[in-house]
Amino acid sequence: MQNTAKPSNNTFLTEDFLLKNDFAKGLYHDHAKKMPIIDYHCHLSPKDIAEDRQFDNMSSIWLHGDHYKWRAMRTLGVNEKYITGESTDQEKFESWAKIVPQTMRNPLFHWTHLELKGYFGVDQLLNENTASDIYAHTTNLLQQKEYSTRGLLSKMNVEVVCTTDDPIDSLEYHQKAKADKLAIKLLPAFRPDKAYAVESPADYLKYLEQLTAVSGISIKTFEDLLASLENRVAYFHENGGRLSDHGLEQLYFYDSDKYAIDDLFATIKKGQKIQPDEVRFFKFKTLTALSKMYHAKGWTQQYHLGALRNTNERMLRVLGPDTGFDSIGDFPQSVALAKYLNNLDSTDQLSKTILYNLNPADNEVMATMVGNFNDGSVKGKVQFGSGWWYLDQKDGMEKQINTLSNMGILSCFVGMLTDSRSFLSFPRHEYFRRILCNLIGQDVANGELPADEEWLGQMVEDICYRNARNYFGFY
């Protein structure tokens with residue numbers, strides 16, 4: 001590729017990127033780098049993996065659906081037609097390339113160049129002058145067999161991918177991947193958010209029709225709803241599912257049956273709205289029942305807490321949800337969360353649990369909460385999850401690692417995930433691993449840890465891979 005811009009050489013992204021001393025470099029290059037990836041939470045398309053999709057060009061694999069990039073482009077004045085609109089894929093790519101230099105100090109700047117270098121060997125900085133060459137180069141490579149979805153996953157040494165799947169999903173693509181003896185484990189994760197999204201009765205009733213169709217259970221009562229969900233949990237389990245996932249503002253808890261759940265369900269079935277506190281009670285009752293189902297199957301449950309979603313009603317009408325108009329919320333977390341977990345633990349029905357917070361103000365809450373419910377039955381039974389969404393950047397990861405280290409046990413942490421819709425997102429694991437190794441290396445340099453590479457190297461390998469392998473029971 002011809003160098004067409006000054007400066008365009010990617011001189012900052014060396015093999016020792018983010019690694020500030022020799023001990024950190026040894027931890028990364030001799031230990032973290034070689035470990036396979038278990039990506040236990042992402043939003044990749046199982047269809048694309050099962051059918052080994054070959055993407056047409058760099059925009060289709062890199063820009064379509066990436067609301068991180070969309071937010072940056074809007075902030076920098078790019079017209080929506082070059083983001084989600086009717087412009088060509090090359091025009092969209094060039095619009096993104098033009099603003100990349102202006103994203104400096106945002107994680108997008110690092111991720112962009114890690115992905116270009118890691119997958120495509122591009123050592124130039126992406127900008128408006130290099131865009132055309134880089135687009136042609138990467139698009140050409142994407143036509144080659146080793147750049148299909150399966151090839152890209154193999155290139156990054158991915159061992160397990162857990163997608164995010166609704167209870168009504170047929171899981172046909174997971175079944176196809178298994179039938180094809182795909183070397184990478186493609187497993188479903190149960191995401192039942194729509195099963196308790198009763199805020200809109202009309203939408204909810206349509207969903208119940210779909211749930212009835214796949215479960216074979218006519219849903220007339222709340223007990224029928226739970227029976228149908230238990231049916232789908234069993235179906236996911238048969239197809240390799242060992243994880244659930246929930247996206248919530250916060251968890252809820254009620255000491256008693258404040259409302260008659262059957263009456264609430266009957267109201268919803270009539271297409272009538274229930275009151276906000278009744279909605280929260282309905283979610284609590286449904287989630288509690290689900291949590292007990294997960295425990296019976298030996299699953300891990302994940303709770304992503306604290307997102308303030310769909311804040312821009314105009315853009316929600318135009319583009320729909322998950323298009324870049326969500327924010328960090330400041331919902332109270334600790335009291336109801338503690339009571340929710342305690343309620344399950346009191347009957348010994350608390351599953352392995354991972355808690356993710358979106359508000360960094362809740363780091364210490366989560367890190368101390370998990371220790372309340374670790375009972376010695378499973379190593380790291382309740383986990384403080386990795387930096388999520390707005391927090392999966394350098395500062396956010398360092399704060400999560402430091403908080404977990406100070407108030408919990410870092411050595412049993414199950415590590416990073418992508419939480420991504422992009423097949424080019426796996427360098428986020430590399431990013432995390434470099435940050436982890438650098439923090440430990442700095443402690444060694446400061447005399448706060450012994451310079452024992454064998455011991456610390458094994459711990460790094462555990463956090464990057466082995467803890468997750470042992471924790472989730474995929475094998």
Side-chain angles (χ1 to χ4, degrees), residues 36-70 108 111-112 114-115 118-120 138 142 145-180 182-193 236 239-247 300 302 304 321-324 354 356 385-386 388-389 392 414-432 465 468 472 474:
I37 289 174
I38 295 177
D39 200 45
Y40 55 89
H41 174 67
C42 73
H43 298 274
L44 295 180
S45 163
K47 181 177 187 290
D48 287 347
I49 299 172
E51 296 182 348
D52 203 17
R53 178 180 176 183
Q54 205 89 37
F55 284 86
D56 294 333
N57 56 56
M58 194 59 174
S59 289
S60 64
I61 193 172
W62 212 30
L63 300 179
H64 294 185
D66 190 341
H67 53 80
Y68 285 84
K69 294 185 178 73
W70 295 352
L108 284 167
W111 295 343
T112 291
L114 280 170
E115 291 163 11
Y119 288 100
F120 304 101
T138 54
L142 284 169
K145 183 60 180 174
E146 60 266 33
Y147 284 83
S148 67
T149 54
R150 296 184 183 188
L152 291 167
L153 293 171
S154 178
K155 188 182 289 289
M156 290 291 111
N157 197 18
V158 178
E159 190 173 281
V160 178
V161 170
C162 292
T163 56
T164 304
D165 308 282
D166 193 278
I168 66 173
D169 197 292
S170 69
L171 305 184
E172 60 184 293
Y173 298 111
H174 300 83
Q175 294 164 354
K176 174 175 168 49
K178 184 177 181 180
D180 290 347
L182 179 63
I184 297 161
K185 281 186 176 290
L186 176 62
L187 302 174
F190 192 77
R191 179 74 174 245
D193 290 359
F236 271 60
N239 284 278
R242 298 295 182 270
L243 279 160
S244 68
D245 181 60
H246 308 78
T300 298
Q302 301 176 91
H304 288 82
D322 301 321
T323 52
I354 306 177
Y356 308 87
S386 62
W388 165 52
W389 200 344
D392 64 354
V414 293
M416 190 57 182
L417 43 79
T418 63
D419 188 31
S420 176
R421 292 166 173 79
S422 170
F423 282 91
L424 299 185
S425 65
F426 284 88
R428 293 185 192 180
H429 284 266
E430 176 188 345
Y431 202 52
F432 166 81
Y465 171 69
F472 291 111
F474 295 142

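Note that the structure is predicted; figures quoted are calculated from it, not measured.
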How far does [atom1] of [X] sit from [atom2] of [Y], to the nearest 0.5 angstrom?
X	Y	atom1	atom2	answer
I61	T138	CD1	OG1	9.5 Å
F423	D48	CZ	CG	5.0 Å
L187	D165	CG	CG	10.0 Å
F426	N157	CZ	CG	11.0 Å
S422	F55	OG	CZ	7.5 Å
M156	L424	CE	CG	9.0 Å

For [X] and [Y], which heavy atoms make the closest approach, and how far apart are they?
X	Y	answer
G151	D52	N-OD1, 4.3 Å
A50	K176	O-CE, 3.2 Å
S154	I184	N-CD1, 4.0 Å
P188	H174	N-CD2, 3.5 Å
S59	N57	N-OD1, 3.0 Å
Q175	S170	NE2-O, 3.8 Å

Side chains of [Y] and [X]: any donor to acceptor distance under 3.5 Å?
X	Y	answer
E159	Y465	yes
H304	D245	yes
D419	W388	yes

Side-chain ([X]) to main-chain ([Y]) donor-acceptor, under 3.5 angstrom:
X	Y	answer
R150	I49	yes
W70	L63	yes
T112	L108	yes
D166	D169	no
D39	T418	yes

Exercise. Using side chain to side chain donor-acceptor pair (under 3.5 Å) as the criterion, list what pairs up with S425, not counting sequence neighbours.
Key: S420
Exercise. Tell me, with the steps shown, if Y147 and F120 meet ring-ring contact (aromatic ring centres under 6.0 Å, His included).
Key: CA-CA 9 Å; Y147 284 83; F120 304 101; 5.6 Å; yes
Self-check item: Non-hydrogen side-chain atoms of L186 and K178 separated by less than 4.5 Å
Solution: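 No, every pair of side-chain atoms sits at 4.5 Å or beyond.
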Exercise. Dump the intermediate steps for side-chain contact (heavy atoms from CB on, under 4.5 Å) on D392 and W111, then the final yes or no.
Key: CA-CA 11 Å; D392 64 354; W111 295 343; 3.4 Å; yes
Practice problem: Take D66 and R421, measure what side-chain contact (heavy atoms from CB on, under 4.5 Å) needs, and give me the verdict at the end. | Solution: CA-CA 7 Å; D66 190 341; R421 292 166 173 79; over 6 Å; no
Quiz prompt | Test log, rule side-chain contact (heavy atoms from CB on, under 4.5 Å), inputs I354 and Y40 | solution = CA-CA 11 Å; I354 306 177; Y40 55 89; 4.1 Å; yes
Exercise. Report the relative orientation of the aromatic rings in H41 and H43; use parallel for angles under 30°, tilted for 30 to 60°, perpendicular for over 60°.
Key: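 Perpendicular, since the angle between the ring planes exceeds 60°.
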Quiz item: Can R53 be said to sit on top of Y173's aromatic six-ring, NZ or CZ under 6.0 Å from centre and within 45° of the ring axis?
Solution: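 Because its charged atom misses either the 6.0 Å distance or the 45° angle limit, R53 does not stack over Y173.
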Self-check item: Audit row: F474, C162, side-chain contact (heavy atoms from CB on, under 4.5 Å) steps and yes/no
Solution: CA-CA 10 Å; F474 295 142; C162 292; 3.5 Å; yes
